[in-house]
Number of protein chains: 2
Amino acid sequence: MKKTAVIFGGNSYEHEISIISAISLSGILKQELIFIFIDNKREMFLIESKNLKASYFSSLDYKKSSKVVFENKGFLKQGFLKTTSIKCENAINLIHGKDGEDGTITSLLKWFDFKYISPSIEASAISYNKILTKIYAKEINVNILDYEAINKTNTKTKLNFPIIVKPSTLGSSIAINIANNKDELDYFIDIALEYDDKILLEPFILGIKEYNLAGYFNTNENKFHFSKIEEVKKDKMLDFDTKYLDFAREESIKEADINENLKKEMKEAFSKIYNTMFINSIIRCDFFIYENKVFLNEINSIPGSMANYLFDDFEKAVHNIFSSFKKDKKINIEYSYIENIRKAK
Amino acid sequence: MKKTAVIFGGNSYEHEISIISAISLSGILKQELIFIFIDNKREMFLIESKNLKASYFSSLDYKKSSKVVFENKGFLKQGFLKTTSIKCENAINLIHGKDGEDGTITSLLKWFDFKYISPSIEASAISYNKILTKIYAKEINVNILDYEAINKTNTKTKLNFPIIVKPSTLGSSIAINIANNKDELDYFIDIALEYDDKILLEPFILGIKEYNLAGYFNTNENKFHFSKIEEVKKDKMLDFDTKYLDFAREESIKEADINENLKKEMKEAFSKIYNTMFINSIIRCDFFIYENKVFLNEINSIPGSMANYLFDDFEKAVHNIFSSFKKDKKINIEYSYIENIRKAK
């Protein structure tokens, strides 16, 4: 099997989660992997497996690793005297949040002709921006909770308290808060505005149950593969630290105790969301069940640790996507229009 | 003033329009420009000004030019014996359609730290996919004509004939046809499906008037700059050849003869669409006027020749965007969460 690059880190608020994700995948995938770390200046480093531990990054020791840059189907390693080419056909985009989930890394992987596991640019835009996610869900008839989109100049809301305040484009609970009154709301909106110029407000429903379902479409078999459905344990809402530790866990997951109709409804909602737009990615959708109906909360187009712990056979999922990957086609350019213009002149 | 790279060509069905756009801009912009041509294999060439003519590309003579690749704030020119660095802080993305308008080139320009005139990745996704454009317009309360999104497995429609058939993601009239009956519809859907897996159907309204309005938001002055409004002359619908020649024109444009209220309505619709999402781009919105109301037809995030002919002072527009460009911020990473996990273990 061909070498696969795991690309992690990134100029993202979820930089550290990505490091944990990479360490987690290194213990799970048996195929030949190379690890490419990206720091917040977008400098890229080739990380040897022996250095793949959290302290290597937090101590900034990673800077001693070899620098690399993208080249066609691989990376160029820059040495003192010469540059070496590291060929590598496959890549897994494991950068959560900014750069990773907003379409940037996908564009680079497409440009440099990799086969990749990464959401398409379109799918990235839809899932990275929580307001676009809501608009999209409405259009494809997937239930969502009520919401309002606000910004700096217009912070009025008709929602009743308590209200969840979320920056429109950050993952992992950063700057997400629950406001119980107008003062708290103003304060939390100010915090969220430090991260984003568009803010999402949603009603906070105490005790609402949340479920995670991951999956992907296997184009070889022309069918969806779903993970287990997991009930999210939480005290009000998962904070950053809890979520963080959660992604690094290794024990196996218990299927959520909900009835078969709801499971079916959840998988149907997942399929509508995934559509063809999310082809080549393994995504995790977070759903609520409320009054016996399924509601979409969020789409995670690059979930923590790729949600590998939810799958019975994660290695197979990765293999399936690479083996059915269809590269962008080269468009045939005949210059017939230019020739027409020249004749017309 | 700093050097500005004009990036054109591309692996796109509108490759040839892009060449015309580049030739057109070279005659208009007085600032120092370098021309970077991208062919359908995504190979990049530095084109000398003297070679900037249509026949240089259609004859494939461009292959004799120096190859370049992206580097930080510039390009590396690959010679036989050595590579030379061409520093260049600004870039204009002039690739129409695929790669240019779908967020790919924007991602590369962001990654390699240019200041650029190019739609954000989010804005690209919204405007490149005509179905997403419709969803977005509905959400922001901009009028649109009725439409249906269909695909290979579901080609049923409730619309009355005649119906316009459009691939969801191609510009410049390619594979766009008007069906007068069921047989024509099936045939035109087949043609469109060769280009895209999602197809947009719209009612065709004979004699509907179409108008182009271009503009951008000047963040220094905190206000919109609008171009003239032009009425689109057409025989039913502009075909590829007509549009093509149209973008290369040099004569000045006559402001459309519509009343001030409609002009105001059109500019308000433009502002809602542009929002903050399209910051750093000069876009052209195509509107219909029907029953005395303004309807959005399409958003062109990289219009032919950047719609320079619609502006009184296009050079200033370009200058304004570069001078107010805010680069993506570097996120401060403190590794506090990794330290917490290590302590928790």
Side-chain angles (χ1 to χ4, degrees), chain A residues 11-13 15-17 19-20 39-42 54-55 57-60 69 71 98-99 102-108 110-111 113 121-122 124-126 128-129 131-132 135-136 138-139 149 151 197-198 240-241 244-245 248 276 328-333 335-342 344, chain B residues 11-13 15-17 19-20 39-42 54-55 57-60 69 71 98-99 102-108 110-111 113 121-122 124-126 128-129 131-132 135-136 138-139 149 151 197-198 240-241 244-245 248 276 328-333 335-342 344:
Chain A
N11 180 36
S12 161
Y13 292 105
H15 177 98
E16 298 181 59
I17 298 185
I19 293 172
I20 306 297
D39 74 5
N40 68 331
K41 293 187 186 68
R42 296 191 178 128
S55 60
F57 302 95
S58 59
S59 63
L60 308 185
V69 294
E71 68 160 346
K98 208 163 113 49
D99 279 5
D102 66 7
T104 310
I105 298 288
T106 303
S107 298
L108 290 160
K110 188 175 87 167
W111 189 261
D113 209 22
I121 302 174
E122 249 181 351
S124 302
I126 290 293
Y128 184 59
N129 182 324
I131 298 167
L132 292 182
I135 301 175
Y136 175 64
K138 277 195 285 185
E139 184 69 15
N151 57 40
D197 60 352
K198 283 181 215 97
F240 192 82
D241 292 40
Y244 199 101
L245 288 162
T276 53
D328 216 35
K329 71 174 170 188
K330 299 285 174 284
I331 289 169
N332 191 24
I333 294 160
Y335 292 106
S336 51
Y337 293 103
I338 281 188
E339 289 305 318
N340 281 346
I341 291 173
R342 295 180 61 217
Chain B
N11 180 37
S12 162
Y13 291 105
H15 177 98
E16 298 180 61
I17 298 186
I19 293 172
I20 305 298
D39 73 5
N40 69 330
K41 294 187 186 69
R42 295 189 177 127
S55 60
F57 303 96
S58 60
S59 63
L60 308 185
V69 295
E71 70 160 345
K98 208 163 115 49
D99 280 5
D102 66 7
T104 310
I105 296 288
T106 304
S107 297
L108 290 160
K110 188 175 88 166
W111 188 262
D113 210 21
I121 302 174
E122 249 180 351
S124 301
I126 291 294
Y128 183 60
N129 181 325
I131 298 167
L132 292 182
I135 300 174
Y136 174 65
K138 277 195 286 185
E139 184 70 13
N151 56 38
D197 61 352
K198 282 180 217 99
F240 192 82
D241 291 42
Y244 200 100
L245 288 162
T276 54
D328 216 34
K329 72 174 170 188
K330 298 286 175 286
I331 288 169
N332 190 25
I333 293 160
Y335 293 107
S336 51
Y337 292 103
I338 280 187
E339 289 306 318
N340 282 347
I341 292 173
R342 294 181 61 218

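Proteins come first, then strands; the chains are lettered A, B, ... in the order of their sequence lines, and each starts at number 1.
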Under 4.5 Å to a heavy atom of chain A? For E139(B) that would be side chain
Report which part of D39(B) has an atom under 4.5 Å of a heavy atom belonging to chain A: side chain, backbone, both, or neither. neither
Side chain, backbone, both or neither: which part of K329(B) has a heavy atom under 4.5 Å from chain A? both
Most contact-rich option vs chain B, by heavy-atom pairs under 4.5 angstrom, among N151(A), V69(A), L132(A), is L132(A)
Under 4.5 Å between any side-chain heavy atoms of I338(A) and S58(B), yes or no? yes
Decide if the gap between the ring center of F57(B) and the ring center of H15(B) is smaller than 6.0 angstrom. no
Got I331(B) and K98(A) here, is their nearest side-chain heavy-atom distance under 4.5 Å? yes
Salt bridge R42(B)-D113(A), side-chain N to carboxylate O under 4.0 Å: no
Specify which of T106(B), T104(B), I105(B) makes the most heavy-atom pairs with chain A at under 4.5 Å. T104(B)
Does any heavy atom of chain A fall under 4.5 Å from the side chain of I126(B), the backbone, both, or neither of them? side chain
Interatomic spacing from CD1 in I333(B) to OH in Y13(A) - rounded to 0.5 Å: 10.0 Å
Considering only heavy atoms, which portion of D197(A) lies under 4.5 Å from any heavy atom of chain B: side chain, backbone, both, or neither? side chain
K110(A) vs S107(B), test: side-chain hydrogen bond (donor to acceptor under 3.5 Å, both in side chains). Steps then yes/no. CA-CA 11 Å; K110(A) 188 175 87 167; S107(B) 297; over 6 Å; no
